[in-house]
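One structure is given here, and the rest of the page talks about it.
Residue numbers start from 1 in every chain, and the chains themselves are labelled A, B, ... in the order their sequence lines are given, proteins ahead of strands. Values below: all heavy atoms of this structure, side chains included; hydrogens, waters and symmetry mates excluded.
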Amino acid sequence: MPESVIFLDYLFILVPKLVSKSAIVKRQLYEKQGAKCFYNLSSIGKGKDQKNSNDKVVIVLQNYKSLRDKINKDFLVKCLDIEYDDRSFSLKSIVLKYPIVKNDWIVESLKAGKVLPLQQFAYDISHVRVDSEISQDYLLELSDRSTKARKISEIKNQDGPATKQIKLEDTDELEKALASLSNREKFKRDNQDNDDEDDEDLLADYMAVSKNVSGPNKEIIFFFNKMANEYKQVGESYKYVNYRKAINTISKLDYPLKTYDEAIKLPNIGKSLALKIEEINKTHKLSKLFFLQNDIKYSTLNKFMKIYSVGPTIAKNWYDRGYRTIEDIEKKVDNLTSNQKLGIKYYNDWNSKIPREEVTQHYEFVKNIALKEVDSKLEIFIMGSYRRGLPECGDIDILITKKNCNDKSELAAILSKLISRLKSKDHNNYIQCSLIHSGINSKSLKFYGGCLINENSKCRRIDFLMVPYEELGASLIYFTGNDIFNRIIRTIAIKKGLNLSNIGLTFKKTGEKCIENSHDEKTIFDYLGIKYRNPEDRNIGY
DNA sequence: TTGACAGCGCATATGC
DNA sequence: GCATATGCGC
DNA sequence: GTCAA
């Protein structure tokens, strides 16, 4: 460790969660100074390696200067991810437990080269406004800004890759400069520059914040989202789907949903959900959620199902046999499959989100090797939430095709070669493990596994998919998602007597292709009679 | 009241 | 040894 | 979970 590490044993909770270039760079800087960084309280308690008992937890208000007027109770509750059920109680107890400081504290400490006392930078909690009308004003303002942000980012996207390239290089330069922080003057200068972030950065931040707090039915959506995730994690997948559909319905409304009668008329909202909406409006709680979260059975199933390759059946089976912890499973279950063993080995890594910036690194890394060492004519895309523009991803989904190549055996050979290159020592054993073994030497068009971009990073889940060129359009749609968006357009296809899959669009009765060569997404949208939506506009149901 | 809610490839278990 | 069933992830 | 048969 260099001598300049001053935040060893400190654990920062950075609020609000900011996703702009400069915010990420700052976070990396804090980490280089020994701090552990998180964005909310719920993530610091979970997992083995996250919090030591001697860690000093400090809540840091990022961009305090520009966000000062926006900070209120709702804001803190949302950012810190405090349970809604008992938020008034929790907020107070948390404030008593952990100091809240302005980001100046970090800046000044870095300048001084030592940790300064917290008191003079403390944020006075008595300033936190609980007045809901002020909060509403803020929400309005935020939604304005986020609309503006979306428009601007669309325009930027149309500029094409050239702009992005430059942006990336900028970040690298900045990072390098900050990394060699032997001279603090440089940081001082950069940091002042960063405080006046350019419009795009600021707007990106607002988007990230507003995502959590906007809309007239934000409270209902908050609870339903929690319910959806609970059900997903205990294997009640149809309940999960329906909650997500209900959220989709509700988030389109521009008025607050007040009564049972009003709610039950809406699509995908029946008796049970209408009752829950009423309960939320009356009590600002949801007893069922509280029950699910605190029930030993559900929380145990949840824990087990987070192991890759453990689903509802096996989780229930283990629960019924009396197992309650991952340690129980490791010790007492003797018929774990090889994938389940990997799932346990990488339990923490694979349950962590991947920052968008890291996915970009993986993309550049893999693309470079694929084009230089395998076949220079390949076309490579990153799918999933990355393509939809989200700031974090669950895994890395890489789609590979080759212009005008529909030969599956050729594609399979390309995949085998790529995987063996990525596994080799020449590339630091980038591929660490495989979840699919067949097809390494032959016909498979997909590979699932774990990969490591550098020694300090976590092992990430990565999927490769080889796609014949004529299936590219359908594959792009399918693997971009999100899942709810896919279900909806599949249903549209079915209503028109068609069948949409990752392979293509076919007539339901005869199975014949509707479109001979569908390497373009737009062709398929057109055929279905729906207007083209950019990947960023396919994030349905939050 | 009851079944559908997408359907496929892979690893593994079970049956013959 | 081969065919089929099950569980899982996508 | 909802919906439709």
Side-chain angles (χ1 to χ4, degrees), chain A residues 223-250 263-277 286 288-289 292 304-318 335-343 350 383-385 394-399 408 412 415 434-440 442-449 461-467 471 474-475 477-495 498-506 508 511 541:
Chain A
F223 281 113
F224 280 18
N225 190 37
K226 291 262 178 192
M227 288 294 286
N229 292 335
E230 285 295 321
Y231 278 129
K232 184 184 186 177
Q233 276 309 123
V234 296
E236 304 249 22
S237 49
Y238 291 118
K239 291 187 182 179
Y240 158 75
V241 167
N242 203 74
Y243 268 97
R244 291 283 302 274
K245 282 184 181 167
I247 291 171
N248 189 37
T249 305
I250 296 169
I264 201 162
K265 287 177 193 156
L266 298 168
N268 301 312
I269 295 177
K271 195 179 170 186
S272 173
L273 290 190
L275 280 172
K276 288 189 174 65
I277 288 173
L286 190 50
K288 182 88 176 192
L289 177 65
L292 288 176
F304 290 164
M305 283 189 60
K306 279 166 34 190
I307 302 171
Y308 186 92
S309 212
V310 174
T313 309
I314 290 172
K316 276 177 203 136
N317 184 273
W318 287 347
N335 61 344
L336 288 172
T337 67
S338 52
N339 286 358
Q340 285 161 357
K341 285 176 192 160
L342 288 171
W350 289 353
M383 311 304 290
S385 46
D395 62 1
I396 304 163
D397 255 329
I398 298 184
L399 187 155
K408 291 189 182 177
L415 180 63
S434 315
L435 294 159
I436 289 182
H437 296 87
S438 82
I440 294 311
S442 64
K443 298 180 179 180
S444 180
L445 296 178
K446 60 186 179 188
F447 173 85
Y448 300 161
R461 277 280 296 103
I462 190 163
D463 296 349
F464 290 92
L465 297 142
M466 302 301 298
V467 174
E471 296 174 10
S475 273
I477 293 178
Y478 181 82
F479 294 109
T480 299
N482 64 11
D483 54 348
I484 304 296
F485 177 79
N486 284 355
R487 285 172 214 265
I488 290 171
I489 57 171
R490 260 201 310 266
T491 313
I492 293 174
I494 288 168
K495 276 183 192 157
L498 305 170
N499 209 344
L500 179 66
S501 72
N502 57 319
I503 296 171
L505 196 59
T506 54
K508 204 159 196 212

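Chain A approaches DNA chain C over the interval C/dG7 to C/dC10, counting the first and last nucleotide 5' to 3' with an atom under 4.0 Å from its heavy atoms.
A/Leu342 has its side chain within reach of A/Trp350: a pair of non-hydrogen atoms, C-beta onward, lies under 4.5 Å apart. Looking at A/Val310 and A/Trp318, their side chains come closer than 4.5 Å, going by heavy atoms from C-beta outward. Side-chain contact between A/Val467 and A/Asn502 is absent, with no heavy-atom pair separated by less than 4.5 Å. A 4.5 Å side-chain heavy-atom check between A/Lys306 and A/Gln233 finds at least one atom pair inside the cut-off. In this structure the side chain of A/Lys446 never reaches within 4.5 angstrom of the side chain of A/Asp463, judged on heavy atoms.
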Identify all pairs in which a protein N or O lies below 3.5 Å from an N or O of nucleotides 1-6 of chain B, and state each distance.
{"residue": "B/dA6", "atom": "N1", "partner": "A/Tyr478", "partner atom": "OH", "Å": "3.2"}

For nucleotides 3-5 of chain D, give me every protein contact, N/O to N/O, under 3.5 Å, one pair per line with atom names.
{"residue": "D/dC3", "atom": "OP1", "partner": "A/Asn268", "partner atom": "N", "Å": "2.7"}

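Within 4.0 Å of A/Ser501, counting heavy atoms only, lies no atom of the nucleic acid at all.
A straight line from CD of A/Glu230 to C1' of D/dG1 spans 15 Å, rounded to a whole angstrom. For the pair A/Lys239 NZ and D/dG1 C1', the computed distance is 6 Å after rounding to whole Å. Here B/dC8 presents its C1' atom at 8 Å from CD1 of A/Ile503, a figure rounded to the nearest Å. Between A/Lys232 atom NZ and D/dG1 atom C1' the separation is 16 Å, expressed in whole Å. Distance, A/Lys341 NZ to B/dA11 P: 16 Å, rounded to whole Å. A/Tyr231 has its OH atom 4 Å from the P atom of D/dG1, to the nearest Å. Rounding to whole angstrom units, CG of residue A/Leu445 and C1' of B/dC10 are separated by 13 Å. Remark: P of B/dC10 and CG of A/Leu435 are 14 Å apart, rounded to the nearest angstrom.
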Practice item. Decide side chain to side chain contact (heavy atoms under 4.5 Å, CB included) for A/Asp397 and A/Phe479; before the verdict, give the C-alpha distance in whole Å, the side-chain angles of both, and the deciding distance to 0.1 Å. Key: CA-CA 8 Å; A/Asp397 255 329; A/Phe479 294 109; 5.5 Å; no
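Residues from residues 310-318 of chain A placing a heavy atom under 4.0 Å of any atom in DNA chain C, listed by number, are A/Val310, A/Gly311, A/Pro312, A/Thr313, A/Ile314.
Taking the side-chain contact (heavy atoms from CB on, under 4.5 Å) definition, one finds that A/Lys316 meets it with A/Leu301, A/Pro312, sequence neighbours left out. For A/Ser272, the side chain to side chain donor-acceptor pair (under 3.5 Å) partners at least two apart in sequence or on another chain are A/Lys276.
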